[in-house]
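Numbers here are sequence positions counted from 1.
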Amino acid sequence: YDFLSKQLYELQRLLPAVYSDGVYQPMKEPELPNPRKISNVAMKGDSGLSSVNNRTVMAVFFGYHVISEVISTDNFGCPAEFLNIEVPIGDRTFDPNSTGGVILPFQRSQWCKHSGKSPNNPRSQVNTASSWIDGSSIYGTSHSWSDVLRSFSTGKLASGPDALFPKESNDVLLMWKAPDPSTGSVEPMVYTVSFGNNRANENLFLQAVSIVWFRYHNYLAEELAKKYPSWKDEDLFYHARKWVVAVYQFLATLVPPGVYSRYVIKLFYINNINVIRGNRFVLSYNPNEQVPQDVDALLMGMISQIAEKEDNVVVEDLRDYWYGPVKYSRTDYVSSSIQRGRDLGLCSYNNARRYFMLPPVRNWSDVNPNLYQNNKKLAVLYDNDIEKLEILPGAMLETWGDPGDLVSEILHDHFQRLRDGDRFWFENTKNGLFTPEEIAKVNNISFYDVILAVTSVEAGDIQKDVFTWASGDPCPQPEQISAVKLVPCAPLVVTNYFEGSITGYSVLLLVLCSFPLVSYFFAWVVAQWRKKDLKKIQKKKRVTILNCVIVFLAQEWHGPKEPMCSVFIQIEQDQEIIVFDSRSIVIRTITLQNYKSVSVIQSNNRGCKTLLIKVPKEYDLVLFFYSEEECVGFIEQLRMNGIPISESKMKERSLLKAAVTKRQRSLILETFFRQSFAQVLQINQSDIESFEAGSCSKVREALQCELSRTEFADSLGLKPQSLFVESMFSLADEDGNGYLSFREFLNILVILMKGSPEEKSKLMFNMYDVDGNGFLSKQEFFTMLKSFIEISNNCLSSDQTEQVVESMFKEAGFEKKAELTWEDFHFLLRDHDKELRLTQLRFKGMEAPEVFSKMYRRVSFIEGKEKKTTTSTEPRLYTEAKKETYKKNKIHQKMQELKRGIENYRRHIVFMVIFYGITVALFIERVYYYFFEAQHTGLTEVSLPGIAISRGAAASISFMFSYILLTMCRNLITFLRETFLNQYIPFDAAVDFHRLVAKTALVTTVIHCGGHAVNIYMFSNTPLSVLSFLKHIFSYLWLVTGITGVFLLAILALMYVFSSAHFRRISFRGFWLTHHLYVLLYILIILHSSLGLLQEPKFHVFFIIPALIYVGDSLVSLSRKKREIGVLKAELLPSDVTYLRFQRPADFEYKSGQWVRIACLSLGTTEYHPFTLTSAPHEDALSLHIRAAGPWTTKLREMYSPKSVAELNSYPKIYLDGPFGEGHQEWNKYEVSILVGGGIGVTPFASILKDLVFKSSLKSKMTCKKVYFIWVTRTQRQFEWLADIIHEVEENDELGLVSVHIYITQFAEKFDLRTTMLYICERHFQKVLNRSLFTGLRSITHFGRPQFEPFFISLQEVHPEVHKIGVFSCGPPAMTKNVDKACQLLNKKDQARFTHHFENF
């Protein structure tokens, strides 16, 4: 090698590089032998042999100091590359237990980035030293380093408390004192001082030589200051440095060449009292070297001690106990040197000889005849091929006393280049640094003179030639020290840092895993806090209800493993026990009038506060009172109210075992109903259950039981107090005992399930013929209708009901009759035989016969032709299409479904494939890299699977968490959806895609954490020597990465829990606040990834572009949020709906179906909430209909109440952000559009309907030719404001563009007995008044939930020319899911394709 002038310059090669691939891959097994085997075979031997030429230890370490001056390849490359040395199995030092798999870590040197590209440009390493002999090992290799060492006073280098010692290194000077990797702290006992060479503190001897040069500089500075008192600090420092460098250059050229091939191990020195002490070479700290005199003594010992013999033997301190990459680790210096040669691409021994014009060696015995036996063993390792012998082993083997020919040539060439090529060399008179007289003076200075000048040594204490010792020189050594005469070196001990930490580590993982649970707890606390006010209201209500009535508070027991609940028990005078829940709602009424005795059992242990009331023909009541006094008081109250009781006592456990629980009773009733349906519908009992000997007794028990009124009402899904239940139960209870036997229940069930229309009408007639006179008065007919209307939450007023009765009587010609016979009553129902024939009474768990199901599915409620008439007729019924394509096999249907699915969601599919393709590719790329391309980094020895998976997940997370921001750029999405990009990117699915990406990111986060959990465990079990590739392992574990990772998990847990549908509905403010933690989230992610432990940080590469776009989008919203909007009108509508009409900003342009975000600062919060505009684009003002579903909307309703407005004297102003686009605004892009609104989800369609009618009135050109609006509501009173809008649409829809269908879901299904009469009344009302009885609209009203599949099938028949129908739904998830299911089913057909857009609330 030759060298260039500056630090970090490329090393110049004298011979071509030797790499296995010709570029950068080093030679290794099996091409070359294992370095440790070479060390064991060729360099192992006994110590204690003296130097042939009596060279001293001082000569060796002075030479070592010179080497560190001109060359350093110890800096590791970045990224880290490992070339670990495998230790042979059974190695005496490193693998004494023959475990195998032990390695000596070795990291490759720093290289030039522009090299290693091709065989013409193989890898070249850099020299981190300055190359010249310029005193860089004394003053550092840079100006900044030199400045750190200076005192800037009198030209001296900075000293410590003692002027003869350099200043001690501190935490700032990490180049000299690095933290202990096992603790992360700097140990105060380690004495390291500041030098220009970062390896000067490597051992005591090199440290002592470095202190000599430190003292010599300060000595010359003092002398110059005396000679030139006017010189300033700069003059003194640089003149002293000039002389030090000159002396150093002169002495470096005098060192015998042999010192470069020998390694001193131990030395002794004799103090004043003739006590011999030895120092291990591998010790970097000796408590005896604390004062200047100790250093002087050590120097004297180095001068007097004769070095080891110049041969191939290297002592154990270097071969077995040399310090490893980090503290408390060991390696083999010889093996590392051989491996370093391979890393540098050094040529073979013979090729080097050829370069220096030396004859190549042909036989192994010719290398060194004195070492032929060693050579034979080494030859075996090299396959007896002398051409494979490497330069370092060959150079050591040829040395015997003096350096061999090759080493001599190399050193001569090297130092000659250093001298002749250095223009600042002290002997160069042309540079003007020194005069001839001064050069002569330098030539007369020896290292002996330097030592005398800076130590307490006096002339005669040491020989003048300090590099050799001759007979008669002062202070001869007693004997040559060998390893056996010194304290044994401490063997390598691998510490398992995970030992004893299993419990703590497990607790840590449990704590991290508990973050979601803690977040759920916080969310639960918030939810309870929200319900606090409601409970107060309920408490006041309960106090009002229970006022002046004796009630008992207890806990009701429902059975084993079931939670108890607090109840209030009230005892009525008519021998009834009423049970209320905590909300004062009646949950059970127990009638005890007809019983001679009621068994009451009290517990006689555990406080005697448990009571069992055996209720005949029902399940028992078990109460846990809070004290025995309350229990006894309740029993006494039973007696006072005339209830005959039979009191007894037993142990609590036996009492609970004797109780018949509600679950046990329900199992009996289940068998009761199954047997009833089996007999009526003639179902084979084997289809119901298999009756074995044990189950037959259960059946008999069930058939003997009787239904109470409460159980009968519960089976119908009604309240026990309803008129319908009372009438039906009274009719069925033939014996009048207040219970229905199996036979009584069967009789009524047969009529309802199999009876003719006449029998069913007779049944209803008898139900409401209260006095049993065979006539039904108008009042009784009115009562009958009220019982049906009652199940619909009293959807009609009394006046409307009377109007219906009068219209029905008038149409039938009975207006003059006061009473109706059964024949008259049946005549009223003459047009509805079909409905009566299909009518049943639906019970819980009962399935309709298949024939009824098929009939029902064939019904459609769409008129075949839309006609503009003054009277509405009953809708035409359309059956399923009868095309042959419907009969194709299931495979064809699946293929058709797949085809339609791809057509409908092709944009979604393509976008998802691209996005998740990138995500998966990033994951795979990182995993592939760490599995196959990072073998050199040492990861394979630590935690390859954990690191690969964690890094792969990190890459995916970086991408997803960055680009998820784009889904929240509402303004950008609204703008882009109007461009051609909307044809390729599904902007409508931005929110759904946001949720999907968030869930995917959560999964990858869990994978990332799992990988790190494995990493921590593996790191803790890995020797520190193997962990040398982790430069900042403790920062990684405990500082930036670790702490930010924990905080990130906590923030993500909060964000994900509060963003769940349940908690978002309960507390939108909690969702809003926690989601605004995203700013902190991204800051922590940046910090988390900034350490670059294994690779350069890359999160910013993904994050910058989305972040800039999001910031720009947010600034647009922020500019709008600052404007106050005045409210023009506020009205409180039924169903907790608040109507707001407010000013429209001048630049506010929007489309029907779009939404905005509003805030009201008068509520004391700045949070924005999204609402769909119900105004049309042509209107001058904007309007919203807001349902009070949460705290914010409830407070908003209170804020705009007449009372609050009167107090403020004006409407509170709002802040507006928007508009924002969504899928509903694309309704006008389809020829036929179906709008399905449920609950408050009808708000976007209010704007669309008004916009459609307005455009049609102007005869505007529109793609949309027909709109079907399906309004699904629990009761028409729930959103009466929408009825007004629909009425307005009906009045202005002259072209019949809109067809409205209203479904009132609080009614049972159409063919239920309870609904049939209301259905008949509705049709009568429409005939007479041309409007719906329930809504007052001309639109068709249906009872029950819509059946979307037959509805859509009918549309395909009505519009056969339309190939694509748009379906837009908004409402509860269950409804939109049913709509989507119907679309998917029909898309299997070869007819019109349904494209579904939906939003959930």
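Heavy-atom minimum distance, Trp557 versus Thr661: CZ3-CG2, 3.8 Å. Scanning both residues, Glu652 and Asn605, for their nearest heavy atoms gives N-OD1, 2.9 Å. Nearest heavy-atom pair across Ile569 and Phe634 is CG2-CE1, 3.5 Å. Listed here is the closest heavy atom pair of Tyr626 and Ser566: OH-OG, 4.1 Å. Between Ser646 and Ser597 the shortest heavy-atom distance is CB-OG, 3.3 Å.
Distance alone, capped at 3.5 Å, is enough to place a donor-acceptor pair between the Lys614 side chain and the Ala658 backbone. At least one donor-acceptor pair under 3.5 Å links the side chain of Ser603 to the backbone N or O of Thr610. Side chain of Asp620 to backbone of Val660: a donor-acceptor contact under 3.5 angstrom is found. A donor-acceptor contact shorter than 3.5 Å is absent between the side chain of Gln602 and the backbone of Glu647.
A 6.0 Å sphere centred on CZ of Arg653 holds no more than 12 heavy atoms belonging to other residues, nucleotides or ligands. Heavy atoms of other residues, nucleotides or ligands lying less than 6.0 angstrom from CE of Met564 number more than 12. Counting heavy-atom neighbours within 6.0 Å of Phe521 CZ, excluding the residue itself, gives a total of 12 or less.
You'll find the side chain of Glu562 stays beyond 4.5 Å of the side chain of Lys662, heavy atoms only. Between Met650 and Leu612, every side-chain heavy-atom pair lies at or beyond the 4.5 Å cut-off. Within the 4.5 Å cutoff, side-chain heavy atoms of Lys651 are placed close to those of Asn604. Within the 4.5 Å cutoff, no side-chain heavy atoms of Val632 are placed close to those of Phe625. Within the 4.5 Å cutoff, the side chain of Arg1197 has heavy atoms near those of the Leu1132 side chain.
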### Task
Test side-chain contact (heavy atoms from CB on, under 4.5 Å) on Phe624 and Arg606 and set out the steps.
CA-CA 11 Å; Phe624 280 77; Arg606 296 188 178 180; over 6 Å; no
### Task
Could you walk me through whether Cys565 and His558 pass side-chain contact (heavy atoms from CB on, under 4.5 Å), step by step?
CA-CA 9 Å; Cys565 60; His558 297 284; 3.2 Å; yes
### Message
The test is side-chain contact (heavy atoms from CB on, under 4.5 Å); show your working for Leu621 and Arg588 and say whether it passes.
### Response
CA-CA 10 Å; Leu621 179 64; Arg588 187 180 181 188; 4.1 Å; yes
### Task
Go through Gln575 and Thr591 one step at a time and tell me if the side-chain contact (heavy atoms from CB on, under 4.5 Å) criterion holds.
CA-CA 6 Å; Gln575 299 183 0; Thr591 303; over 6 Å; no
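Exactly one of Ile590, Ile577, Leu638, Ile613 qualifies for a side chain to side chain contact (heavy atoms under 4.5 Å, CB included) with Val598. That residue is Ile613.
The CD1 atom of Ile578 lies 4.0 Å from the CD atom of Glu572; values are rounded to the nearest 0.5 Å. Put simply, CG on Leu553 and CG on Leu623 are 10.5 Å apart, with the number rounded to the nearest 0.5 Å. To the nearest 0.5 angstrom, Ile635 atom CD1 is 5.0 Å from Leu611 atom CG. The structure places CD of Gln1347 at 8.5 Å from CG of Asn1378, a figure rounded to the nearest 0.5 Å. The structure places NZ of Lys609 at 10.5 Å from CD of Glu629, a figure rounded to the nearest 0.5 Å.
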